[in-house]
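Throughout, protein chains are lettered first and strands after them, A, B, ... in sequence-line order, and every chain is numbered starting at 1.
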Protein chains: 2
Amino acid sequence: MALEHAILVSLLEKPGSGYELARRFERSIGYFWTATHQQIYRVLKRMEGDGWVDVREVPQEGRPDKKEYSVAPLGQTALSQWLHEPSGPESVRHDLAVKIRGAAFDDPTALIHEVERHRQTHTDRLAHYLAGERRDFTGPEGPGPPDAGRELQHVVLRGGIEYERMMLGWLDDVLATLHRLASKH
Amino acid sequence: MALEHAILVSLLEKPGSGYELARRFERSIGYFWTATHQQIYRVLKRMEGDGWVDVREVPQEGRPDKKEYSVAPLGQTALSQWLHEPSGPESVRHDLAVKIRGAAFDDPTALIHEVERHRQTHTDRLAHYLAGERRDFTGPEGPGPPDAGRELQHVVLRGGIEYERMMLGWLDDVLATLHRLASKH
DNA sequence: GCGGCCATGTAACCTGTTACATGATTCT
DNA sequence: AGAATCATGTAACAGGTTACATGGCCGC
């Protein structure tokens with residue numbers, strides 16, 4: 001399992017509460033690892049029990065108090081160990097591909113709207129990624145030391161961007177195929 | 001959930017046993033939806049109880065008897081209904097991206113081997129997909145009616161091919177980044 | 001007053017993974 | 001003799017999803 005490790009990475013980048021982690025899993029990290037707040041609270045509690053993270057109660061004004069988590073030495077070790085062991089092939093789950101093959105036994109044209117909907121979400125995400133790239137990764141690299149973290153975050157973001165571009169191209173191919181099938185009958 | 005639906009599509013393409021389905025989930029269908037045989041037997045039993053599939057005991061010589069499943073009318077209806085409802089955004093799980101961001105807090109160069117390993121599996125898969133495309137989707141379309149099923153299977157395969165190409169490009173980018181970080185210190 | 005954000009959780013349930021179990025046949 | 005393939009399953013556990021629950025503050 002790797003949710004624990006994703007949380008460790010996020011907390012190393014910046015300590016925060018379960019709620020804040022949940023928000024991050026809807027944004028940056030969520031682009032390659034999804035998790036709900038229930039899942040996060042559950043795992044965080046286990047990690048606390050295992051001594052992977054430290055907790056600090058932070059009283060707040062005007063809003064509920066929060067528990068700020070940060071990575072403990074044991075967590076560092078666990079992460080390092082995980083980084084050094086090979087990870088298997090990722091399991092894939094593409095509803096849309098199943099639907100496209102299933103459409104052969106139903107009305108293929110009925111899928112056009114669904115595919116267009118997906119196309120829209122990928123367009124939006126691409127725009128969002130590109131905005132993030134412009135915001136965080138343009139300008140001079142600075143005269144200081146080359147920031148490894150920054151470079152690595154950037155290359156992951158580039159992966160997201162390429163993924164969205166690939167998907168848009170493929171979805172156009174899918175739409176063209178569906179339209180061809182529609183006109184041929 | 002869509003494992004049920006993936007099974008329905010597979011059985012519509014060709015009826016078969018649980019074992020045969022498990023094999024298909026290692027090949028063609030497995031490219032966009034993974035499942036183990038245990039999972040398949042469990043779900044198949046539920047689908048049988050729900051009247052989505054019919055079973056036929058097939059005695060065999062020289063090998064164990066098998067149960068051949070095929071889609072029942074209720075299953076057809078269920079599939080059709082699923083095809084017409086929108087599906088949410090797919091949940092993503094990319095260990096490698098987590099590891100890359102995590103590498104900022106460890107030794108980034110240690111990841112090089114892991115990334116190269118992934119690169120190799122993607123190279124292999126691409127070759128495999130391309131071989132499948134040559135085998136199944138070359139030659140004249142034939143003078144007969146345009147086969148919707150064939151066209152749709154092909155467009156899904158093209159998606160797989162584009163995905164692998166994108167991944168190879170990105171992994172090269174990742175490797176270049178890791179090497180750059182390694183040389184700068 | 002209503003909806004949304006911040007913040008934390010519990011409980012039930014459904015899915016997915018790993019390990020174990022059996023047994024005949026075919027190939028090397 | 002040993003390994004691989006065909007064929008079906010059970011059991012235990014880990015991980016993920018959905019629904020429910022609470023409660024103050026802020027803006028419209």
(request) Could you say whether A/Ala35 or B/Lys67 is positioned toward the 5' end of DNA chain D, judged by the nucleotide with the nearest heavy atom to each? (result) B/Lys67
(request) Between A/Trp33 and B/Tyr69, name the one whose nearest nucleotide on DNA chain D is closer to the 5' end. (result) B/Tyr69
(request) With sequence neighbours excluded, give me every side-chain hydrogen bond (donor to acceptor under 3.5 Å, both in side chains) pair touching residues 71-82 of chain B. (result) A/Asp106-B/Ser80
(message) Under the salt bridge (Lys or Arg N to Asp or Glu O under 4.0 Å) definition, can you give me all pairs with a residue in residues 124-133 of chain B, not counting sequence neighbours?
(response) B/Arg125-B/Glu164
(message) Does anything in residues 49-63 of chain A form a salt bridge (Lys or Arg N to Asp or Glu O under 4.0 Å)? List the pairs, not counting sequence neighbours.
(response) A/Arg56-A/Glu68
In chain order, what residues pass the salt bridge (Lys or Arg N to Asp or Glu O under 4.0 Å) check against [X], with sequence neighbours excluded?
X       : answer
B/Lys67 : none
B/Asp65 : none
B/Arg24 : none

(request) May I have the step-by-step check of side chain to side chain contact (heavy atoms under 4.5 Å, CB included) for B/Thr34 and B/Phe25, ending in yes or no? (result) CA-CA 6 Å; B/Thr34 50; B/Phe25 275 87; 5.9 Å; no
(message) Considering every strand and a 4.0 Å limit on heavy-atom distances, what is the contact class for B/Ser17: base, sugar-phosphate, or nothing?
(response) sugar-phosphate
Between [atom1] of [X] and [atom2] of [Y], what distance do you get to the nearest 0.5 Å?
X        : Y        : atom1 : atom2 : answer
A/Leu178 : B/Glu151 : CG    : CD    : 10.0 Å
B/Glu114 : B/Ile100 : CD    : CD1   : 9.5 Å
B/Glu162 : B/Arg158 : CD    : CZ    : 9.5 Å

Rounded distance (Å) that lies between atom [atom2] of [N] and atom [atom1] of [X]:
X       : N      : atom1 : atom2 : result
A/Phe25 : D/dG16 : CZ    : C1'   : 13 Å
A/Arg27 : C/dC5  : CZ    : P     : 12 Å
B/Asp65 : C/dG23 : CG    : P     : 16 Å
B/Lys66 : C/dT25 : NZ    : P     : 18 Å
A/Ile40 : C/dT10 : CD1   : C1'   : 16 Å

(request) Give the C-alpha distance, both sets of side-chain angles, the deciding distance and a yes or no for side chain to side chain contact (heavy atoms under 4.5 Å, CB included) between B/Val92 and A/Trp33. (result) CA-CA 5 Å; B/Val92 184; A/Trp33 203 277; over 6 Å; no
Can you check whether [X] has a side-chain N or O nearer than 4.0 Å to OP1 or OP2 of [N]?
X       : N      : answer
B/Arg42 : D/dA11 : no
A/Tyr41 : C/dT8  : yes
B/Arg93 : D/dG16 : yes

(message) According to ring-ring contact (aromatic ring centres under 6.0 Å, His included), does anything in residues 95-133 of chain B pair up with another residue at least two apart or in another chain? List the pairs.
(response) B/Tyr31-B/His128, B/Tyr31-B/Tyr129
(message) Do the side chains of B/Glu20 and B/Arg23 get close enough for a salt bridge, i.e. N-O under 4.0 angstrom?
(response) no
Taking N or O atoms only and anything under 3.5 Å, show me the protein contacts with nucleotides 18-25 of chain D, one pair per line.
{"residue": "D/dA19", "atom": "N6", "partner": "A/Gln38", "partner atom": "NE2", "Å": "3.0"}

(message) Under 4.0 Å, heavy atom to any atom of DNA chain D: which of residues 2-12 of chain B qualify?
(response) none
(request) Enumerate the residues from residues 44-61 of chain A whose closest heavy atom to DNA chain D is under 4.0 Å, giving them by residue number; use none for an empty result. (result) A/Arg46
(message) Let me test you: for the helix from C/dG1-D/dC28 to C/dT28-D/dA1, what is the angle between the axes at its two ends (five pairs each), rounded to 10 degrees?
(response) 40°
(request) Check side chain to side chain donor-acceptor pair (under 3.5 Å) between B/Asp172 and all other residues, then give those that pass, not counting sequence neighbours. (result) B/Arg119
